[in-house]
Structure formats: structure tokens, C-alpha cells
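For ligands, and for the atoms within them, numbers begin at 1 and follow the listed sequence. Heads up: numbering here begins at 1 and tracks the sequence. Source: prediction; values computed, not measured.
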Amino acid sequence: MESTQEGLDPSPFFIMGKVALVTGAAKGIGKAIALKLAEKGHDIAINYFSSETDALYLQETIASAYNVHCLALQADVSREEEVDAMISQIESQLSYVDILVNNAGIDMPNLFQFKTAKDFRRILDVNVVGAFNCAKRVYRHMIDNKYGKIINISSTNGINTYYPMCCDYDASKAAMISLTHNLAIQCSPFVNVNAIAPGFIGTENELDGYDEEFLRQETDKILLKRYGKPEEVANLVAFLVSDEASFINNAIIRIDGGQYGSC
Ligand code: NAP
């Protein structure tokens, strides 16, 4: 089935794009990705967990600024039945999901001695099982349609930038890389599955609570001597889902300004 917009009263200037689901898209990197993919002419499903006001505001912004359809949908990606209901709603109101960006993620930094198995499991559930749930729900259609793009937002923390306060988060981001390789095999040969590993990206959430000295130390580890912008990650996502990137598959792509000094 093509990404038609039946019953949605498209304007005569409607750009026939794909349907893109971005998880955790109300804020931060996910929001920048949703805006960039809308700019490229794709219909957008904004998934959010708790940020309803931000998600609805973004929905309005996209619908008024770009000639695409946009839906905001609440779901906890770690819960299979909520993911199923969310994607059924996208399918009935837009069409099948052609582009999936698994961006939703949580971190609960804490000293190792205060970490709990419960928190560890929650981080794995949202960051890894959430990505699995979404991919599992859409991959069959992508294969049948002989088209699909899946992008997992991992982190340099999943490769070689470890923080003692984030052992659970780091493990989850490493698991997303492994999941990417497995999904690429599972979805072969028509679906491109890639992971992006951002370094330090200056989202509101990331900057909140850090003092000047910490920010200076962190940016000092980056060759470009600054942190990245959410829009720079969004540009990479837009490239990866474009036809120009059609032979990029099963890749883990760092976007970190040239980070060094990691343990
Ligand atoms: P953020 O602003 O905290 O955004 C993460 C989003 O994930 C939130 O908006 C949240 O939605 C959503 N989320 C949390 N739990 C969820 C759940 N159970 N179901 C659905 N959505 C859920 O963080 P960010 O900095 O933009 O990060 C985005 C992604 O990039 C994350 O995967 C993060 O690990 C990764 N990353 C970030 C950096 C960085 O430096 N910022 C670096 C490397 C990787 P609600 O707000 O609606 O609750």
C-alpha cells in the first residue's frame, strides 16, 4: 500500500512524502527530527510519553508551517500494547509507517552504589525494548512494501564513552547498536536500518542542571570545542532517510564533533 492520505483532504500542493514516526518527539532531538522530516515533506507522527502540551504545540507548528499531515500520539514505547494501539491509529489516520526513528530514551544518572535493578530495567525497557516494540510492529509492512527506513538513536555512550553515573544507560545504548545489526539482518533486503550515536548534544534536558565548569570540561573533550545542536542530528536523520543514502545500511554513525579522551 502506498502512503496515500485518503480522506484527509490534501491540498492541491500536497507533497507526496512518506509517513514518519518519531518516538519521544515532543522535545529535544526528537522534536528537531520531526520538524526536519516535515520540512522534507513527510507526514509526521509525534509520539510522546508525558509532554502532552509540547507535543500538541509541535503538532500545530508542523501542521501550519509545512504542507504535511501531523498527529501527536501518547504511548509508553516500553509497552507493546500501547505501541500497537498507537501504530494502528497512525495506519488508520495517515498510512503505514515508512520511516521509524526510535528516539525515545531515558537516563537516570546516579552514583553506582545507589543504582537499583528496578531503574536499570526501566532504562532497558524504554531505550531497548521500546525500540524493539516499534520496529517489530512496523517491519512486516516495510518488507511487504519493499521500502522502509529504521533509525535507532543510540549514543557514543554505547560505544566507548562511559560515565560511571550512567552504567545502565550506557548498556542500553550498546544494546541498541546490537539491535540495529539484528534488525538490519531481519529486514533485509529492502529496509535500511542504521543507528546514530550522538555525543554531547545541547538539548534543554541535557543542559539543565549542569554547571559552567562541567560544561567546559565536557566541551573540552570535543575537537570542535562545542556541544552539538539537535538540528545537526536531525540533518543526519534527514540524509539517512533520503534516496542519497540508499546504500547506507547496518551502519553506526557517530555525530560527536570529534570526541576524544573517552575511557
Ligand atoms: P529528551 O529531551 O529527554 O527527550 C527524550 C524523549 O523521550 C522525551 O521527550 C520523552 O517524552 C521520551 N520518552 C521517555 N520515556 C518514554 C516512553 N516510555 N515512551 C515514549 N517516549 C518516552 O532527550 P534528548 O536529549 O532529546 O535525547 C533524545 C535521544 O537521543 C535519547 O534516546 C537519548 O538517549 C539520545 N541521546 C541524546 C544525547 C544528548 O546529548 N542529548 C546524546 C546521545 C544520545 P516525554 O517528554 O513526552 O515524556
How far is [atom] from its nearest protein heavy atom, and which residue and atom name does that atom have?
atom	answer
atom 5 (C) of ligand 1	G105 O, 3.6 Å
atom 46 (O) of ligand 1	S51 OG, 2.5 Å
atom 44 (C) of ligand 1	S154 O, 3.2 Å
atom 18 (N) of ligand 1	D76 OD1, 2.8 Å
atom 2 (O) of ligand 1	N205 CB, 3.7 Å
atom 25 (O) of ligand 1	T203 OG1, 3.1 Å
atom 30 (O) of ligand 1	I153 CG2, 3.4 Å
atom 22 (C) of ligand 1	F49 CB, 3.5 Å

Show me which atoms of ligand 1 lie under 4.0 Å from any heavy atom of [X].
X	answer
A75	19 (N), 20 (C)
N47	20 (C), 21 (N)
F200	40 (O)
N103	28 (C), 29 (C), 30 (O), 31 (C), 32 (O)
Y48	47 (O)

If you apply the rule salt bridge (Lys or Arg N to Asp or Glu O under 4.0 Å), what do you find for K149 with D98, and how did you get there?
CA-CA 6 Å; K149 310 281 179 191; D98 306 296; over 6 Å; no
Does [X] have more than 12 heavy atoms from other residues, nucleotides or ligands lying within 6.0 Å of its [atom1]?
X	atom1	result
K136	NZ	no
Q74	CD	yes
F200	CZ	yes
E81	CD	yes
R216	CZ	yes
Q217	CD	yes
Q186	CD	no
R122	CZ	yes

Please compare [options] and report which has the shortest non-hydrogen distance to [atom].
atom	options	value
atom 42 (C) of ligand 1	G28, S172, G199	G199
atom 43 (C) of ligand 1	A104, P198, G24, P230	P198
atom 40 (O) of ligand 1	V22, V101, I201, I29	I201

Scan side-chain atoms only and decide if [X] and [Y] contain a donor-acceptor pair under the 3.5 Å cut-off.
X	Y	answer
T23	N47	no
N192	N249	no
S78	D76	yes

Qualifying residues under side chain to side chain donor-acceptor pair (under 3.5 Å), relative to D119, sequence neighbours excluded
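So D119 forms a side chain to side chain donor-acceptor pair (under 3.5 Å) with T116.
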Side chain, backbone, both or neither: the part of [X] lying under 4.0 Å from ligand 1 by heavy atom:
X	result
V77	both
A55	neither
V126	side chain
I106	side chain
E52	neither

Does ligand 1 have any atom sitting under 4.0 Å from a heavy atom of [X]?
X	result
K31	no
R122	yes
G202	no
T23	no
A25	no
Y169	yes

Nitrogen or oxygen atoms of [X] and ligand 1 under 3.5 Å apart:
X	value
A26	no
S155	no
S78	no
S50	yes

Cationic tip of K18 within the cone over Y147's six-membered ring, i.e. under 6.0 Å and within 45° of the normal?
yes
Do R254 and Q259 touch side chain to side chain, with heavy atoms closer than 4.5 Å?
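A side-chain contact exists here, since the closest heavy-atom pair is under 4.5 Å.
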Beyond-backbone contact of I153 with P198, side-chain heavy atoms, under 4.5 angstrom:
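In short, these two side chains touch, coming nearer than 4.5 Å.
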Please tabulate, for the side chains in residues 25-35, all donor-acceptor contacts under 3.5 angstrom to protein atoms that are two or more places apart in sequence or on a different chain.
{"unit_1": "K27", "atom_1": "NZ", "unit_2": "S51", "atom_2": "OG", "d": "3.4"}

Partner of V191 under side-chain contact (heavy atoms from CB on, under 4.5 Å), chosen from C187, S188, P189:
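Of the listed residues C187, S188, P189, the side-chain contact (heavy atoms from CB on, under 4.5 Å) partner of V191 is C187.
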